[in-house]
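As the structure is a computational prediction, the values presented were derived from the model and not from experiment. As the structure lists them, so they are numbered: ligands from 1, and atoms in each ligand from 1.
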Amino acid sequence: MSAPRPSETTPERVWRARRELLGAGLGLAAAAALPARAAAPAGEAPLVPNPPEQVSRHNNYYEFTTAKDVVWQLAEELRLRPWTVSVDGAVERPRTWDIDELTRRFAPEDRLYRLRCVEGWAMVVPWQGLPLAALLAQAQPTSKAKYVEFVALHRPSEMIGQRQPVLDWPYREALRIDEAMHPLTLLVSGAYGRALPAANGAPLRLAVPWKYGFKSIKAITRIRLVEHPPLTSWSKAAPSEYGFYANVNPEVAHPRWSQRRELRLGELSKRPTLPFNGYAAEVASLYSGMDLSVHF
Ligand SMILES: Nc1nc2c(c(=O)[nH]1)N[C@H]1C(S)=C(S)[C@@H](COP(=O)(O)O)O[C@H]1N2
Ligand SMILES: [Mo]
């Protein structure tokens with residue numbers, strides 16, 4: 001993992017971004033908890049978080065609507081408690097966790113991550129979350145646990161987009177077990193030092209920062225360890241457009257558009273998209289020997 005290098009001082013831009021967070025109503029303690037500078041590979045500019053309203057008011061969350069700028073209003077209808085998350089399948093110790101018990105047991109850490117949507121927009125978010133590996137280790141996966149499937153909430157009474165068959169509900173995602181165990185893979189319960197906004201997937205969503213955004217499933221209720229690759233919502237809906245791996249790759253175009261460049265929310269000009277969304281040093285070795293244009 002790329003930890004901040006102690007020899008580097010906080011660049012002014014980042015310092016100013018922290019002050020803007022303060023101005024946006026973050027408590028002092030919360031702002032102090034944010035990393036002073038982002039982990040960035042050598043030679044790359046440090047990450048600057050997007051303002052919190054940008055992150056909570058421009059969302060893909062098809063359980064509510066496909067209209068990104070309206071999700072946040074509809075998502076306020078979702079009742080976030082009581083909420084349980086079950087961990088089962090190929091594990092020695094299956095368990096259903098109450099969400100608050102889960103976040104108490106595995107104290108969330110701060111992580112500043114890029115998010116890159118397949119549609120071309122991108123942002124930088126200070127999440128709080130627990131490494132998925134910690135929760136999986138507690139469950140003790142058996143030798144049959146080769147993949148991890150995630151299932152989101154199905155509650156059409158509150159998630160009004162689920163009244164239409166836009167996707168085959170509930171939303172499902174999956175990772176290979178080594179991807180799930182990778183230290184960058186986070187179960188997110190907060191952002192900007194506060195509770196996670198409903199529009200971003202409260203009370204619990206995934207953050208897999210080297211993959212396109214759709215892999216980072218929101219409103220998780222079940223985590224199931226399985227032997228065979230599970231079918232995921234997007235690869236079921238459009239297999240030629242959305243592969244199982246969905247690693248951010250500027251070299252592999254989406255069938256309908258290029259993936260070479262991205263627009264960070266709030267900026268005027270596009271930036272080049274980086275292999276593995278900028279996390280190649282940490283994760284490229286997971287895919288050595290694989291043809292990433294086949295396993296896209
Ligand atoms: N349950 C669920 N999770 C989801 C989605 C969704 O529609 N439903 N959309 C995905 C997509 S396409 C993206 S880009 C990210 C967006 O996360 P954000 O709204 O926090 O930026 O959520 C992902 N997780
Ligand atoms: Mo996305």
*Name the closest protein heavy atom to atom 17 (O) of ligand 1, giving the residue it belongs to and the distance to 0.1 Å.*
Arg205 NH2, 3.1 Å
*asked:* One pair to check against side chain to side chain contact (heavy atoms under 4.5 Å, CB included): His182 and Leu175. What are the steps and the verdict?
replied: CA-CA 10 Å; His182 193 280; Leu175 297 170; over 6 Å; no
*Would you confirm whether Lys215, through its side chain, and Ala174, through its main-chain N or O, come within 3.5 Å as a donor-acceptor pair?*
yes
*Provide the number and element of each atom of ligand 1 under 4.0 Å from a heavy atom of Tyr61.*
1 (N), 6 (C), 7 (O), 8 (N)
*Under 3.5 Å, is there a donor-acceptor pair between the Lys211 and Asn247 side chains?*
yes
*Measure the acute angle between the ring planes of Phe214 and Tyr212, then classify it against the limits of 30° and 60° as parallel, tilted or perpendicular.*
parallel
*Just by distance, with hydrogens left out, do Tyr171 and Gln162 show a side-chain donor and acceptor under 3.5 Å apart?*
no
*What atoms of ligand 1 come closer than 4.0 angstrom to any heavy atom of Cys117?*
14 (S)
*Identify, for atom 1 (N) of ligand 1, the protein heavy atom at the shortest distance, and state residue, atom and that distance.*
Glu63 OE2, 2.8 Å
*What do you reckon, does Ser216 put a non-hydrogen atom under 4.0 Å from ligand 1?*
yes
*Option nearest atom 9 (N) of ligand 1 (shortest heavy-atom distance, choices Asn200, Asn60, Ile217)*: Asn60
*Closest approach of any protein heavy atom to atom 15 (C) of ligand 1, naming residue and atom*: Gly213 O, 3.5 Å
*Taking heavy atoms and a distance under 4.0 Å, where does Tyr171 meet ligand 1: side chain, backbone, both or neither?*
side chain
_Ring centroids only, cut at 6.0 angstrom: are Tyr242 and Trp234 within range, meaning strictly under it?_
yes
*Could you tell me whether some N/O pair between Lys218 and ligand 1 is separated by less than 3.5 angstrom?*
yes
_Ligand-residue contact atoms, ligand 1 with Asn59, heavy atoms, under 4.0 Å_ = 18 (P), 19 (O)
_Suppose I only count heavy atoms of Tyr62 and a 4.0 Å limit; which atoms of ligand 1 are within that range?_
6 (C), 7 (O)
*Does Gln128 use its side chain to pair, donor to acceptor, with the backbone of Gly193 at less than 3.5 Å?*
yes
*asked:* For Lys68 and Asn60, which I'm curious about, is there any donor-acceptor pair between the side chains at under 3.5 Å?
replied: yes
*May I ask you to check whether Arg111 and Tyr113 show a side-chain donor-acceptor distance below 3.5 Å?*
yes
_Taking only non-hydrogen atoms of Met123, do any sit less than 4.0 angstrom from ligand 1?_
yes
_Which segment of Glu173 sits under 4.0 Å of ligand 1 when only heavy atoms are counted_ = neither
